[in-house]
Amino acid sequence: MSNVPRPHPKEFRDDVVAVARRGAAPIAQIAKDFGISESCLRNWLHAADVEDGHRPGTTASESLELRELRRRNRLLEQENEVLRRAAAYFAQAHLPGK
């Protein structure tokens, strides 16, 4: 078994971010109250600011779209290579003298 912690549910992260954004307590205290590290909370706040458009960066939906487009691009490049090789093979097969 690995010691990698399970990710917190999105609803939990959203609730903690909402509490932190209210500014009623210091970040360190909020993190302690919710049982997470201060750096974890700061990362969640940063990610929420990007998602909400308050900070430049790639949103989760943009990251997902980018991963999908890269996967699709790799597939198309592979298909193109197969077609290029097939065209070269058939061009060789029809040369005079064979």
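Source: prediction; values computed, not measured.
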Q: Please tell me if the side chains of Leu45 and Ile27 come closer than 4.5 Å, counting only heavy atoms from C-beta onward.
A: yes
Q: Output the distance between atom CD (Glu11) and atom CG (Asp15), rounded to the nearest 0.5 Å.
A: 8.0 Å
Q) Does any non-hydrogen side-chain atom of Arg22 lie less than 4.5 Å from one of Val19? A) yes
Q | Cationic N near anionic O, under 4.0 Å, Arg71 to Glu68 | A | yes
**Q.** Atom pair CG/CD of Leu75 and Gln78 - distance to nearest 0.5 Å
**A.** 6.0 Å
Q. Can you name the residues that form a salt bridge (Lys or Arg N to Asp or Glu O under 4.0 Å) with Arg42, not counting sequence neighbours?
A. Glu38
Q. Quick one: salt bridge (Lys or Arg N to Asp or Glu O under 4.0 Å) partners of Arg84, sequence neighbours excluded?
A. Glu81
Q. Which atom pair, heavy atoms only, marks the closest approach of Leu41 to Ala31?
A. CD2-N, 3.9 Å
(Q) One thing to verify: whether Asp14 and Arg21 come together as a salt bridge, which I'm taking to mean a side-chain N less than 4.0 angstrom from a carboxylate O. (A) no
Q.
Suppose the criterion is salt bridge (Lys or Arg N to Asp or Glu O under 4.0 Å): which pairs have a residue in residues 86-96, not counting sequence neighbours?
A. none
Q) Say you draw a straight line from CZ of Phe34 to CH2 of Trp44; how long is it, rounded to the nearest 0.5 Å? A) 9.0 Å
Q | Single-linkage hydrophobic cluster, 4.5 Å side-chain cutoff, Val50 and Leu64 together | A | no
Q. Is it true that a side-chain atom of Arg55 and a backbone atom of His46 form a donor plus acceptor pair closer than 3.5 Å?
A. no
(Q) Please report the interatomic distance CD(Glu62) to CZ(Arg67), rounded to the nearest 0.5 Å. (A) 12.0 Å
Q: Determine the minimum heavy-atom distance between Ala48 and Val17, stating which atoms define it.
A: CB-CG1, 3.8 Å
**Q.** Where His8 and Arg13 come nearest, the two heavy atoms and their spacing
**A.** O-NH1, 2.5 Å
Q: State the OG-CG distance between Ser61 and Leu66, to the nearest 0.5 angstrom.
A: 11.0 Å
